[in-house]
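Structure, as structure tokens:
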Amino acid sequence: MVRASEHVGGYSLPFEQPVIELERQIAALERRPDAEEFADDLKNLQASRDSLLQKIYRNLTAWDIVRVARHPQRPQTSDYIEMMCRDFCELHGDRHFGDDPAIIAGLGRIGPYKVLIVGHQKGRTTQEKIACHFGCAHPEGYRKALKKMKLAEKFGLPVVTLIDTPGAYPGIKAEERGQAEAIAVNLREMSRLQTPIVCVVIGEGGSGGALGIGVGDRVAMLEYAWYSVISPEGCAAILWKEANPDSNSAAANALALTAKANLANGLVDHVISEPVGGAHRDPQAAAKSVQSWIVDRIRQLKRSKPETLVQRRYDKLRKIGAVAWQEPQSSASAAR
Amino acid sequence: MAQVPSRSWTDTPELAPKGKKAVPEGVWIRCPGCTAILFRKQVENNLWVCPECQHHFRVSGERRLQQLADPESFEPFNEQMAPVDPLRFVDLKPYTKRILDAQKRTGQNDGVQTGTAFIKGRKIILACMDFDFLGGSMGSVVGEKITQAILVAAERDLPVVIVSSSGGARMMESVFSLMQMAKTAAALARFDEQGGLFISVLTDPTTGGVTASFAMLGDVILAEPRALIGFAGPRVIEQTIRESLPEGFQRAEFLLDCGFIDRVVPRSELRSEISRIIDYAGK
């Protein structure tokens with residue numbers, strides 16, 4: 001069932017404005033003591049609301065999608081774990097420095113499979129958000145993720161990663177503790193981890209911070225998630241010299257960061273459809289879709305030997321890139 | 001003016017003459033490190049290191065090759081590999097225009113040169129990034145050339161030396177660029193399993209997606225003095241934490257203190273340092 005805006009934290013996206021008025025009417029009608037008499041009207045209103053939402057969401061721009069991906073009520077890793085996973089057993093700490101709450105890791109059961117789940121966590125309350133640095137992990141977060149993935153490898157458990165980060169944390173401590181090294185090591189080790197890895201970008205796929213838990217056999221994006229080498233604002237600030245609504249929107253377009261674009265470019269394997277009006281309006285339905293994709297892909301991957309998986313994972317990465325062949329500008333070369 | 005320190009090795013090839021964009025033009029140049037006015041030729045003969053304060057000027061990939069490899073020993077491969085514009089990326093300027101301008105300026109197809117070379121008689125696979133080419137950014141070509149360099153090294157059982165100088169992944173190829181991080185790291189995983197030696201040389205600046213992939217995965221990691229090395233750029237960090245950064249933050253010496261690189265090596269000693277590591281590794 002599609003939740004109304006007022007049920008999703010009162011936060012409404014600007015492009016949803018036309019829906020808001022309808023929702024107000026629906027709510028007012030529902031509140032009436034004689035609401036039952038208006039059951040048909042209510043149904044009609046709901047139907048027009050749904051079709052309007054559908055229409056709006058069909059035509060979202062790339063920048064609109066970035067805003068949906070950042071919706072404060074959009075389900076996060078902890079929500080998906082709660083909705084998809086039975087008997088979740090969280091595992092903390094990187095065994096070197098600390099425990100980064102911006103990355104959650106743990107064992108759990110999804111469908112018929114025992115798996116290891118790793119995901120970015122943004123936090124919901126202000127306190128949580130601050131503790132999680134709004135989903136921006138520190139090196140110890142990436143090292144925790146790897147530590148637990150190695151555990152999964154040892155016991156033959158598939159790894160499920162849920163990606164949702166604006167980017168790895170840019171700060172003094174993060175640099176001191178080797179943010180770059182932590183991500184680099186994860187890329188190398190995930191490329192050769194001898195167990196199935198499936199990844200889902202559930203919200204924001206911000207650059208190296210996303211890829212740091214994003215190397216897998218199968219990578220999917222939720223319909224209104226984004227995945228890019230840099231955030232649209234970061235890109236706008238550098239290439240358009242200023243981040244403002246226009247340049248952010250232009251950058252979002254240029255970066256081809258939507259699920260659809262990344263699928264078309266062969267950079268992800270699948271797009272998981274979201275409920276009408278985005279995952280935040282019906283988290284249960286979103287979780288169901290994510291879960292069925294994960295279960296299905298694990299089933300496929302489990303048929304292959306770990307060595308075969310690693311070989312195919314490598315072959316897949318090996319092919320990514322678009323290059324041409326031409327003679328270098330020899331005249332300039334001579335002048336140097 | 002202090003006397004020019006003599007070089008620690010004598011088999012240097014002739015340094016690249018003529019106009020270079022990475023370093024200032026003119027007969028006299030001002031050192032950005034100590035503001036001393038220096039005679040250009042003297043700096044050039046000192047491997048583009050300030051004889052007064054040892055400031056290491058940024059040098060192009062071309063010049064770097066000439067400084068590092070034995071004379072005439074560099075044999076490039078994949079010189080013809082060139083960028084395309086998979087996303088038809090346009091910001092204030094089209095990406096294709098930026099590529100063309102950079103190609104004209106540098107005479108190179110993209111931001112890295114790879115090939116076989118000798119260092120003090122030892123055969124290696126050498127890759128030198130060029131900061132002049134769109135900030136040394138890694139798009140598909142840089143990622144692919146680095147990957148192939150690693151694979152060739154694996155095939156021929158040669159050490160690979162990659163000299164990094166890069167602002168990170170190239171924005172204009174978005175996720176294509178991002179995935180080059182995973183691709184190069186995956187190639188290094190294989191190389192590592194075969195017992196290959198990878199010496200990563202970090203020069204000013206090495207940041208972003210290059211640091212967070214192959215550059216930090218060296219068996220041995222060397223860095224030039226004062227080189228800026230990090231994941232996030234200093235300005236991004238300042239904006240995030242809203243305070244100015246401590247002196248020396250993200251410099252080579254800082255990374256040494258934090259335990260993330262093996263040695264800080266002055267430019268004049270790179271050849272001998274690389275050679276002896278190759279010898280210790282028995283490669």
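Every chain is numbered from 1 and lettered A, B, ... according to where its sequence line falls, protein lines coming before strand lines.
- A distance of 6.0 Å separates CE in B:Met181 from CD1 in A:Ile183, rounded to the nearest 0.5 Å.
- If you measure heavy-atom distances from B:Val90 to chain A, the contacts under 4.5 Å come from the backbone alone.
- Neither the backbone nor the side chain of B:Leu255 comes within contact range of chain A, judged by heavy atoms closer than 4.5 Å.
- Contacts between B:Leu100 and chain A at a heavy-atom distance below 4.5 Å involve the side chain alone, from C-beta outward.
- For chain B, the nearby parts of A:Ala168 are the backbone and the side chain; heavy atoms of each come within less than 4.5 Å.
- With a threshold of 4.5 angstrom between heavy atoms, B:Thr211 approaches chain A through its backbone and through its side chain.
- Both the backbone and the side chain of A:Tyr227 come within contact range of chain B, with heavy atoms under 4.5 Å apart.
- Other residues, nucleotides and ligands place no more than 12 heavy atoms under 6.0 Å from the NZ atom of A:Lys260.
- Once rounded to the nearest 0.5 Å, the distance linking CD of A:Glu176 with CZ of B:Phe260 reads 9.5 Å.
- Contact detail for B:Phe89 and A:Ala254: the closest heavy-atom pair is CD1-O, 3.3 Å.
- A:Ile230 touches chain B through its side chain: at least one heavy atom from C-beta onward sits under 4.5 Å away, while N, CA, C and O do not.
- Between chain A and the options B:Glu144, B:Arg190, B:Glu79, the largest number of non-hydrogen pairs under 4.5 Å is found for B:Arg190.
- Atom CD of B:Glu247 has 12 or fewer heavy atoms from other residues, nucleotides or ligands within 6.0 Å.
- For B:Phe176, the parts sitting under 4.5 Å from any heavy atom of chain A are the backbone and the side chain alike.
- Both the backbone and the side chain of A:Val185 come within contact range of chain B, with heavy atoms under 4.5 Å apart.
- Rounding to the nearest 0.5 angstrom, the gap separating the NZ atom in B:Lys183 from the OG atom in A:Ser191 is 13.5 Å.
- The residue among B:Thr207, B:Asn109, B:Thr147 with the most heavy atom pairs within less than 4.5 Å of chain A is B:Asn109.
- Comparing A:Leu211, A:Leu239, A:Asn262, A:Ile172 by how many heavy-atom pairs each has under 4.5 Å with chain B, the most go to A:Leu239.
- In terms of heavy-atom pairs under 4.5 angstrom with chain A, the leader among B:Leu188, B:Ile229, B:Val84 is B:Val84.
- The contact between A:Arg177 and chain B is made entirely by backbone atoms, counting heavy-atom distances below 4.5 Å.
- A salt bridge is absent between B:Asp91 and A:Lys241: the closest approach of a Lys/Arg side-chain nitrogen to an acidic carboxylate oxygen does not fall below 4.0 angstrom.
- Contact count against chain A (heavy-atom pairs under 4.5 Å) is highest for B:Ala182 among B:Ala215, B:Ala182, B:Ser177.
- Neither the backbone nor the side chain of B:Arg235 comes within less than 4.5 Å of any heavy atom of chain A.
- Minimum interatomic distance between A:Ala184 and B:Met216 (heavy atoms only, all atoms of both residues): CB-CB, 4.2 Å.
- At a 4.5 Å heavy-atom cutoff, B:Arg88 makes no contact with chain A through either its backbone or its side chain.
- For a heavy-atom cut-off of 4.5 Å, chain B lies close to A:Leu317, A:Arg318, A:Ile320, A:Gly321, A:Ala322, A:Val323, A:Ala324 in residues 315-324 of chain A.
- A donor-acceptor pair is defined here as one N or O able to donate and one able to accept, closer than 3.5 Å; such a pair exists between the side chain of A:Arg192 and the backbone of B:Ala189.
- Proximity to chain A (any heavy atom under 4.5 Å) is restricted, for B:Pro246, to the side chain, taken from C-beta onward.
- With a 4.5 Å cut-off on non-hydrogen atoms, B:Ser213 touches chain A through its backbone and its side chain both.
- A donor-acceptor pair shorter than 3.5 Å can be found between the side chains of B:Gln250 and A:Glu175.
- Using a 4.5 Å cut-off between heavy atoms, A:Leu257 does not touch chain B at all.
- There is no contact between B:Asp257 and chain A, counting heavy-atom distances below 4.5 Å.
- Nearest heavy-atom pair across B:Leu178 and A:Ser207 is CD1-C, 3.5 Å.
- Proximity to chain A is limited to the side chain of B:Phe254, based on heavy atoms less than 4.5 angstrom apart.
- Residue contact with chain A, scored on non-hydrogen atoms closer than 4.5 Å, involves the side chain of B:Ile241 exclusively.
- Counting all heavy atoms, side chain and backbone alike, A:Gln326 lies closest to B:Ala82 at CG-CB, 3.5 Å.
- Contact check for A:Val229 versus B:Val175: no side-chain heavy atoms found under the 4.5 Å cut-off.
- Of all the heavy atoms in B:Val236 and A:Pro170, the pair that sits closest is CG1-CB, 4.0 Å.
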